[in-house]
Structures are given as C-alpha cells and as structure tokens.
Amino acid sequence: MVKAKTLVVANWKMNPETYKEAEKIYAGSVVALKKASKVKVVLCLPYTWLTDFSHKEKKVVSFGAQDASIEVKGPHTGEVSPTMLTSSGVEYVILGHSERRALGETDELVSQKVSASLKTGLRVILCVGEKTRDLHGDYLLFLRHQIINSLNKIPKRYLKKLIVAYEPVWAIGKSDDEAMNVRDLHETSIFIKKALAEIYGPVEGMKIPILYGGSVSHKNAKDLLTLGEVQGLLVGRESLNPKKFESLLLSING
Ligand code: 13P
C-alpha cells in the first residue's frame, strides 16, 4: 500500500496586505514546496488571489479557500459558492475555523457548509477545537459535541473527502513553545478518532485524517507530527514566511 503523503495546509488568513507581497510569498512557497516532494501542500489564500494563482503551477500545489457558502448561487451578497471554487481550480476549503466561529458561525451552519462543499466535490478541512482546557475534562465533552454537531447528517459516502483539523483555540497565534505539547496532542487525536468512529463506525471513522494547527513552526513541526501522531499540519503565520515555511517542509520531508 502506498503511504499517504503528509498534508500541510497553509492558512494565510487575511494576509498579506497587498497583491505584490502575495505574489512574492506565493513564488517563495512554490520554490519551498518543490523541494519537499514527500509533503502535499495546500495553499489556502484570500479569495482575491486564490483563483488568480490557482491557474498557475497546478501540478505541484493545490489550492484551498478559507470559507464557502451553503448556497449554490443567487442573491447572497459577499458570498462565494463551492461550485464557484471547484470551477476555478480550487480543490479544498477550510470550514468552521475558530476565527469564523468567533464571528457567530454555529455548529449547525458549519455542518450545512460542510454538506454543501462535500456535495460539490471539494475536499473539506473541518476545524474543531476547544477554547480553553480545564482539569475536569469538560473540554473533551465540548470537543465531542462540536465534532458530532459539525458533521450532522453528513453521510458516509463523503468521508473520503473529509479532513478534520484540530486547532485548540488557546494555542493559536502564540510562540512556538506554546503550541500544544505532543503527549496531549497524541491523546486528543485518539479522542477525536474515537468520536469519528462513534459517528461513522470504527473502520471508516478511523481513516479520516487528523491535522493539528496552532503555533506550528519549523522548530516544532516534526515532533507535533510524529509524536502527536497526526497526519498533517494546519499552519498560519509560518506559511507567510517562505524561508521558514521551507524549513518547516524540509523538517518533515523525511
Ligand atoms: P498560527 O499558526 O498562526 O498559530 O495559526 C494557526 C491557525 O489558526 C491556522 O488555521
């Protein structure tokens, strides 16, 4: 059996400020990812540049959006539909990121977005993660509910295109030594797999890849991946610096 490539998803969020800078980061990222042939890289860019760049370099890099509508078309000002994305060469979409949930996205809306995007053929990176950790393990209940509710009514037949990204909110945007420790990550990734197995059965549920996100850097990426036992990483700030991004990719390319 061919081993699946490690997945690294770069979430540029609302960065950088100008098209010129975006072109530079994009060019640097392509150089970096070409050196790391054992890593599959997905660049999730703001809409303004996404489809411009998605028409270039298609073979080495895949593209993703950072959100998508539940609607197909019509009077929905400011929205972008999953079909618009697929027809523009975009393969992936991040849904339910904590920064969107903080703007009011509920599990119910996230599950509708997941459903609409999967139906269109997009690969969905569903983000989940607790805001805080407590000593009693309440965060585990929160996480379990968030997973179950965000996947409400998503049938088994779409699972091949589903990826779950675990991003504990407390670990996002910090220094790299404040990322989650690898032992806790390992425990939590098992917990998430079990929750998925509860919904979809042990065989299918356990196959869904889990990514970790939250202050991933070239210094901690390898340990998070191998000792945390996740199948990939969701990278924010470090993906905006091509040199550091290259170090990160090379550190896990073995
Ligand atoms: P940072 O890597 O900047 O902490 O961001 C993580 C994140 O939210 C990726 O989606």
S.K.: Does Ala32 offer a backbone N or O that forms a donor-acceptor pair with the side chain of Lys243 under 3.5 Å?
M.R.: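 Looks like no, no N/O pair under 3.5 Å.
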S.K.: Does a donor on one side chain and an acceptor on the other come within less than 3.5 Å for Asp52 and Tyr19?
M.R.: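 Present: a donor and an acceptor within the cut-off.
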S.K.: Supply the atom-to-atom distance Ile94 CD1 to Lys113 NZ, rounded to the nearest 0.5 angstrom.
M.R.: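 Taking CD1 in Ile94 and NZ in Lys113, the distance rounds to 12.5 Å.
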S.K.: With a 4.5 Å cut-off on side-chain heavy atoms, are Arg183 and Leu227 touching?
M.R.: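 Side-chain contact under 4.5 Å: no.
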S.K.: Can you measure from OG (Ser175) to NZ (Lys219) and round to the nearest 0.5 angstrom?
M.R.: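 Between atom OG of Ser175 and atom NZ of Lys219 there are 9.0 Å.
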S.K.: Quick one: does Asn220's side chain have a donor or acceptor within less than 3.5 Å of a partner on Ser217's backbone?
M.R.: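 A pair under 3.5 Å: yes.
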S.K.: Are any non-hydrogen side-chain atoms of Asn15 and Ile25 less than 4.5 angstrom apart?
M.R.: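 No, their side chains stay 4.5 Å or more apart.
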S.K.: Look up atom OG in Ser239 and atom NZ in Lys244, then write down how far apart they are to the nearest 0.5 Å.
M.R.: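 Separation between the atoms: 12.0 Å.
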S.K.: Are any of the side-chain heavy atoms of Asp107 and Arg101 separated by less than 4.5 Å?
M.R.: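 Heavy-atom side-chain distance check passes, below 4.5 Å.
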S.K.: May I ask you to test the Leu122-Lys161 pair for a side-chain heavy-atom distance under 4.5 Å?
M.R.: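 No - every pair of side-chain heavy atoms lies 4.5 Å or more apart.
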S.K.: Just by distance, no angles: are the side chains of Asn149 and Asn152 close enough, under 3.5 Å, to form a donor-acceptor pair?
M.R.: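 There is no such pair between these side chains.
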S.K.: Enter the distance from Lys207:NZ to Leu196:CG here, rounded to the nearest 0.5 Å.
M.R.: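 These two atoms lie 13.5 Å from each other.
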S.K.: Within the 3.5 Å criterion, strictly below it, is a donor on Glu130 or Trp170 matched to an acceptor on the partner's side chain?
M.R.: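 Yes, Trp170 and Glu130 have a side-chain donor paired with an acceptor closer than 3.5 Å.
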S.K.: Is it the case that Tyr212 and Glu229 place a side-chain donor and acceptor less than 3.5 Å from each other?
M.R.: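 Distance-only check fails for Tyr212 and Glu229.
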S.K.: Would you say the side chains of Thr188 and Arg133 form a donor-acceptor pair under 3.5 Å?
M.R.: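 Present: a donor and an acceptor within the cut-off.
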S.K.: Examine the side chains of Glu167 and His97 and answer whether a donor and an acceptor come within less than 3.5 Å of each other.
M.R.: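 His97 and Glu167 do have a side-chain donor-acceptor pair below 3.5 Å.
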S.K.: With a 4.5 Å limit on heavy-atom distance, are the side chains of Ile192 and Leu143 in contact?
M.R.: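 Ile192 reaches Leu143 side chain to side chain.
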S.K.: Would a 4.5 Å heavy-atom cut-off, applied to side chains only, mark Tyr166 and Leu234 as touching?
M.R.: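 No - every pair of side-chain heavy atoms lies 4.5 Å or more apart.
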S.K.: Check whether the side chains of Glu71 and Ser81 place a donor and an acceptor atom closer than 3.5 Å, and report yes or no.
M.R.: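 There is no such pair between these side chains.
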S.K.: Look only at the side chain of Glu238 and the backbone of Val235, and say whether a donor-acceptor pair between them is shorter than 3.5 Å.
M.R.: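 Such a contact is absent between Glu238 side chain and Val235 backbone.
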S.K.: Does any N or O in the side chain of Ser115 come within less than 3.5 Å of the main-chain N or O of Ser111, such that one atom is a donor and the other an acceptor?
M.R.: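 A pair under 3.5 Å: no.
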S.K.: Spell out, as yes or no, whether a donor-acceptor pair under 3.5 Å connects the side chain of Gln66 to the backbone of Lys13.
M.R.: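 Yes; at least one donor-acceptor contact below 3.5 Å.
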S.K.: Do Val114 and Ser150 touch side chain to side chain, with heavy atoms closer than 4.5 Å?
M.R.: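 A side-chain contact under 4.5 Å is absent here.
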S.K.: Main chain of Trp12, side chain of Arg237: is a donor-acceptor contact present, judged purely on distance under 3.5 Å?
M.R.: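 A pair under 3.5 Å: no.
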S.K.: Donor-acceptor check, side chain of Tyr47 to backbone of Asp67, threshold 3.5 angstrom: yes or no?
M.R.: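 Flag set: sc Tyr47 to bb Asp67 pair under 3.5 Å.
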S.K.: Any side-chain heavy atom of Leu43 within less than 4.5 Å of one from Phe53?
M.R.: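 A side-chain contact is absent here, since even the closest heavy-atom pair is not under 4.5 Å.
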S.K.: Is the backbone N or O of Lys160 less than 3.5 Å from a side-chain atom of Tyr158, with the two atoms forming a donor-acceptor pair by type?
M.R.: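 Not a single qualifying donor-acceptor pair exists.
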S.K.: Can any side-chain N or O of Lys193 pair as donor or acceptor with the backbone N or O of Met206 at less than 3.5 Å?
M.R.: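 Yes.
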S.K.: In this structure, which one of Ile125, Val164, Val8, Leu233 forms a side chain to side chain contact (heavy atoms under 4.5 Å, CB included) with Leu211?
M.R.: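 It is Ile125, the one option of Ile125, Val164, Val8, Leu233 that forms the side chain to side chain contact (heavy atoms under 4.5 Å, CB included) with Leu211.
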S.K.: Nearest 0.5 Å please: distance from the CG atom of Leu140 over to the CZ atom of Phe191.
M.R.: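 Between Leu140 CG and Phe191 CZ, I get 4.5 Å after rounding to 0.5 Å.
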S.K.: With a cut-off of 6.0 Å (strictly less than), are more than 12 heavy atoms of other residues, nucleotides or ligands near NE2 of His145?
M.R.: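 Counting neighbours around NE2 of His145, 12 or fewer heavy atoms of other residues, nucleotides or ligands fall under 6.0 Å, so no.
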S.K.: Enter the distance from Phe63:CZ to Leu85:CG here, rounded to the nearest 0.5 Å.
M.R.: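 Those atoms lie 13.0 Å apart.
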S.K.: Would Ser98 and Ile172 satisfy side-chain contact (heavy atoms from CB on, under 4.5 Å), going step by step from the backbone distance to the final call?
M.R.: CA-CA 9 Å; Ser98 58; Ile172 295 176; 3.4 Å; yes
S.K.: Hey, does the side chain of Thr6 reach the backbone of Gln231 with a donor-acceptor pair shorter than 3.5 angstrom?
M.R.: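 Side chain of Thr6 to backbone of Gln231, a donor-acceptor pair under 3.5 Å: no, none is there.
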S.K.: Test of understanding: with salt bridge (charged side-chain N to carboxylate O under 4.0 Å, His left out), list the residues that count as partners of Glu21, not counting sequence neighbours.
M.R.: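 Residues passing salt bridge (charged side-chain N to carboxylate O under 4.0 Å, His left out) with Glu21: none at all.
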S.K.: Around Lys119, counting heavy atoms of other residues, nucleotides and ligands shown, do more than 12 lie under 6.0 Å from its NZ?
M.R.: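 Open: at most 12 neighbouring heavy atoms sit under 6.0 Å from NZ of Lys119.
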S.K.: Under a plain distance cut-off of 3.5 Å, with no hydrogens placed, do Ser62 and Lys40 share a side-chain donor-acceptor pair?
M.R.: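 Yes, side-chain donor-acceptor contact under 3.5 Å.
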